[in-house]
Amino acid sequence: MTTYIFGALPDLEEGDIFPNRKALTEAGIHKVLMGGIDGNPRQGASSIVLNGGYVDDFDLGDEIIYTGHGGNDPNTGRQIKDQSWESPGNKALLVSELHALPVRVTRGYKHHSAFSPKSGFVYGGLYQVTEHFEDRGKDGFLICRYRLQKIQPGSTMPPEPIQSLPAGNEDSKRQTSTVLRIVRDTKLSRELKALYDYTCQICGLRITIKGIGYAEAAHIKPLGKPHNGFDKADNLLCLCPNHHVMLDKGILTLTDEFEVLGGEYEKVTFKADHALDGENIRYHRAHIFINE
DNA sequence: GGGCCCGCAGGG
DNA sequence: CCCTGCGGGCCC
């Protein structure tokens, strides 16, 4: 079983140039030699390559509409049948979206955009998958599409808002579309969500989208001014979106015994490897909770 | 530039 | 094993 490294790599910087796909593989950026999506349906996709393989790709630099794989005639590069969300790489990109994993993006010389190199392959930095939708491509077959937005280096903010819509053909009609609240996750929040298998610690709900779990990591004592909480496991809960909002807005809070105040649920559920710092709970109760 | 064809590595 | 995939080198 191969393990993928997600996110930044040591000694790799945006703009680094590689002569061919073999060099990308050797650098550990993109392990598969031919595939455009590097990953599997269980762990997610760590990297994609854009190299003109699919006619429906759309590249604005900081925002990319990427086409999933499958249904493509390798000789002509045109679609000859429908794509599926169940294809390994397509499902891997869904996992990357729902678990907020960073995706490395590399552009090749055959990719048509202002950002592609004249020869070889250029590393373009980290992106977040912010949306997936089904569309009818230029060749008339269903395609799996993903919106990727650039993670600005050093920024803790979510990616820039959507700049424009893909240039689909006139009669293309979206079959389904899923846009989640864009949350920038840290390595720690991803680990915590995986520990709880994307199950809410307050209500036990486990949301799945196309079979993939979705949860949010919620800070008890908020980060940044004026609260200055820490991004540490003892300040984090794995929650469903509703209970995340309710915690953030102070509709509910916790007692020192981890009972839930202000809701219909009784007690927070914990895994063995996870404990909270009581200081964070007391802070939330005193400064965030709205006791109405 | 396009067509052909021989690949590799990963995953079922 | 077999199948697949945004290679790559060669020819024209």
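Given the structure is predicted, the values throughout are model-derived calculations rather than measurements. Numbered from 1 within each chain, the chains take letters A, B, ... in sequence-line order.
One can place CD of Glu26(A) at 13 Å from C1' of dC8(B), the figure rounded to the nearest angstrom. In this structure, Glu86(A) atom CD and dG12(B) atom C1' are separated by 14 Å, rounded to whole Å. Atoms CG (Leu33(A)) and P (dG9(C)) sit 11 Å apart, rounded to a whole Å. In this structure, the CG atom of Asn40(A) is 7 Å from the P atom of dG12(B), given to the nearest Å. Between the P atom of dG10(B) and the NE2 atom of His69(A) lies a distance of 16 Å, rounded to the nearest Å. As rounded to whole Å, 14 Å separates atom P of dG7(C) from atom CD1 of Ile29(A). Between Tyr4(A) atom OH and dG11(B) atom P there is a gap of 4 Å when expressed in whole angstrom units. Spacing between atom CZ of Arg104(A) and atom P of dC6(C) amounts to 17 Å, rounded to whole angstrom units.
The residue among Lys31(A) and Pro41(A) whose nearest nucleotide of DNA chain B is located toward the 5' end is Lys31(A). Nearer to the 5' terminus of DNA chain B, by closest-nucleotide assignment, is the contact made by His112(A) (compared with the other of Met34(A) and His112(A)).
Nucleotide dG7(B): unpaired (no Watson-Crick or G-U wobble partner with both distances less than 3.5 Å). Pairing of dC6(C), defined by two Watson-Crick or G-U wobble distances under 3.5 Å, is not identified with any nucleotide.
The distance from atom CD1 of Ile220(A) to atom NE2 of His284(A), rounded to the nearest 0.5 Å, is 8.0 Å.
For Glu13(A), the CD atom is loosely surrounded, since the number of other residues' heavy atoms within 6.0 Å does not exceed 12. Within 6.0 Å of atom CG in Leu223(A), more than 12 heavy atoms from other residues, nucleotides or ligands are found, so the atom counts as buried in its surroundings.
On the C1' atoms, dC6(C) is 22 Å away from dG12(B), given to the nearest whole Å.
Put simply, the side chain of Asn72(A) and the base of dC6(C) share no donor and acceptor less than 3.5 Å apart.
Residue contacts for Thr25(A): at a heavy-atom cut-off of 4.0 Å it reaches no nucleic acid atom on any strand shown. Using a 4.0 Å heavy-atom cutoff across all strands shown, Gly52(A) reaches at least one base atom of the nucleic acid. Among the atoms of the strands shown, only primed sugar atoms or phosphate atoms (P, OP1, OP2) are found under 4.0 Å from some heavy atom of Lys22(A). Among the heavy atoms of the strands lying under 4.0 Å from Gly35(A) are primed sugar atoms or P, OP1, OP2 only; no base atom is included. Using a 4.0 Å heavy-atom distance criterion, Gly70(A) is classed as a sugar-phosphate-only contact.
Between Asp256(A) and Arg285(A) there is a salt bridge, since at least one side-chain N of the basic residue sits less than 4.0 Å from a carboxylate O of the acidic one.
Taking the side chain as every heavy atom from C-beta outward, Leu142(A) and Gln83(A) never approach each other to under 4.5 Å.
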